[in-house]
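A short worksheet on the structure shown next.
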Amino acid sequence: MAIQFKMVAKQNNIATPPEVKYYPCAVSQGEIDLDDLAKTIASRSTLSKADCYGVMIAMSEAIGEALANGKLVKIESLGTFSVALTGKGAADAENIGKSNITGAKITYKPSKTLKKGLTQLKYKRIY
């Protein structure tokens with residue numbers, strides 16, 4: 001199946017005069033949840049749906065624990081997960097502390113294998 005896309009107008013206000021250009025934008029074909037993933041994996045393996053579900057729940061918990069302990073999580077065929085911090089700047093390095101941290105987020109970098117799969121995608125424009 002092809003990735004469906006539509007063209008979306010975006011205005012560049014920095015250009016003089018402001019100009020509008022059209023860019024492709026992927027259109028979602030719905031979503032799948034953990035239950036759907038468990039069914040799919042079970043159909044491709046000797047594990048039951050419940051076993052797959054349990055493994056995925058345990059894996060997400062293990063990833064969360066590893067990230068909370070400051071580790072990178074690298075899954076060869078999937079990619080790498082890491083923690084990135086957001087914060088307020090300071091005038092010099094001496095004045096930076098925990099109070100400068102405003103939050104954390106999880107970053108994800110896909111594996112080379114997963115990214116290579118993107119080169120095989122087919123596209124279909126919808127109107």
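Everything numeric in this text was worked out from a predicted model, so none of it was measured.
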- side chain to side chain donor-acceptor pair (under 3.5 Å) filter on Thr102, not counting sequence neighbours, yields Thr86
- Task: Check the hydrophobic clustering (I, L, V, M, F, W, Y; side-chain heavy atoms under 4.5 Å; chains of links allowed) and say if Met59 and Ile32 are grouped together.
- Result: no
- Task: Say whether Gln4 and Gln29, considering side chains only, have a donor N or O and an acceptor N or O under 3.5 Å apart.
- Result: yes
- Only counting residues at least two apart or in another chain, list the ones meeting side-chain contact (heavy atoms from CB on, under 4.5 Å) with Ala66. Lys71, Val73
- Task: May I ask you to test the Val83-Lys105 pair for a side-chain heavy-atom distance under 4.5 Å?
- Result: no
- Using a 4.5 Å side-chain heavy-atom cut-off and chaining through intermediate ILVMFWY residues, the residues clustered with Val8 come out as none
- Message: Among residues at least two apart in sequence or on other chains, which ones pass side-chain contact (heavy atoms from CB on, under 4.5 Å) with Glu61?
- Response: Ile57
- Message: Please list all pairs meeting ring pair (Phe, Tyr, Trp, His ring centres under 6.0 Å) that have one or both residues in residues 16-44, counting only residues at least two apart or in different chains.
- Response: none
- Between Ala26 and Ile3, the two heavy atoms sitting closest are CB-CG2, 4.3 Å
Side-chain donor-acceptor contacts of residues 110-124 below 3.5 Å, not counting sequence neighbours, with atom names and distances?
from: Ser111; atom 1: OG; to: Ser77; atom 2: O; distance (Å): 3.1
from: Ser111; atom 1: OG; to: Leu114; atom 2: N; distance (Å): 3.1
from: Thr119; atom 1: OG1; to: Lys116; atom 2: O; distance (Å): 2.5

- Message: Among residues at least two apart in sequence or on other chains, which ones pass ring pair (Phe, Tyr, Trp, His ring centres under 6.0 Å) with Tyr108?
- Response: Phe81
- Over 12 non-hydrogen atoms of neighbours within 6.0 angstrom of CD1 in Ile14: no
- By side-chain contact (heavy atoms from CB on, under 4.5 Å) - contacts of Val55 (at least two apart): none
- What do the steps show when you test Met56 against Leu37 for side-chain contact (heavy atoms from CB on, under 4.5 Å), and what is the final call? CA-CA 9 Å; Met56 290 189 293; Leu37 286 173; 4.0 Å; yes
- With Ser60 via side chain to side chain donor-acceptor pair (under 3.5 Å) - residues at least two apart: none
- How would you list, by chain and number, every residue that makes a side chain to side chain donor-acceptor pair (under 3.5 Å) with Asp35, sequence neighbours excluded? Lys49
- Query: Roughly how far apart are Ile41 CD1 and Leu34 CG, rounded to 0.5 Å?
  - Reply: 8.5 Å
- Message: Could you tell me if the side chain of Phe5 sits less than 4.5 Å from the side chain of Cys25, heavy atoms only?
- Response: no
Show me, pair by pair, the donor-acceptor contacts under 3.5 angstrom made by side chains of residues 90-101, not counting sequence neighbours?
from: Asp92; atom 1: OD1; to: Glu94; atom 2: N; distance (Å): 3.1
from: Asp92; atom 1: OD1; to: Asn95; atom 2: N; distance (Å): 3.2
from: Asp92; atom 1: OD1; to: Asn95; atom 2: ND2; distance (Å): 3.2
from: Asp92; atom 1: OD2; to: Asn95; atom 2: ND2; distance (Å): 3.4
from: Asn100; atom 1: OD1; to: Gly97; atom 2: N; distance (Å): 2.9
from: Asn100; atom 1: ND2; to: Lys88; atom 2: O; distance (Å): 3.1

- Which residue pairs pass the ring pair (Phe, Tyr, Trp, His ring centres under 6.0 Å) test with at least one member in residues 29-66, sequence neighbours excluded? none
- Message: Is it the case that the side chain of Asn69 and the backbone of Glu65 share a donor-acceptor pair, with hydrogens and angles ignored and the cut-off at 3.5 Å?
- Response: yes
- Message: To check you understand the geometry: which heavy-atom pair defines the closest contact between Ala42 and Cys52, and what is its length?
- Response: N-SG, 3.7 Å
- Query: Is there a side-chain contact between Met7 and Arg125, using heavy atoms and a 4.5 Å cut-off?
  - Reply: yes
- Task: Give a yes or no on whether Ile75 and Leu72 share a hydrophobic cluster (residues Ile, Leu, Val, Met, Phe, Trp, Tyr; joining criterion: side-chain heavy atoms under 4.5 Å apart).
- Result: no
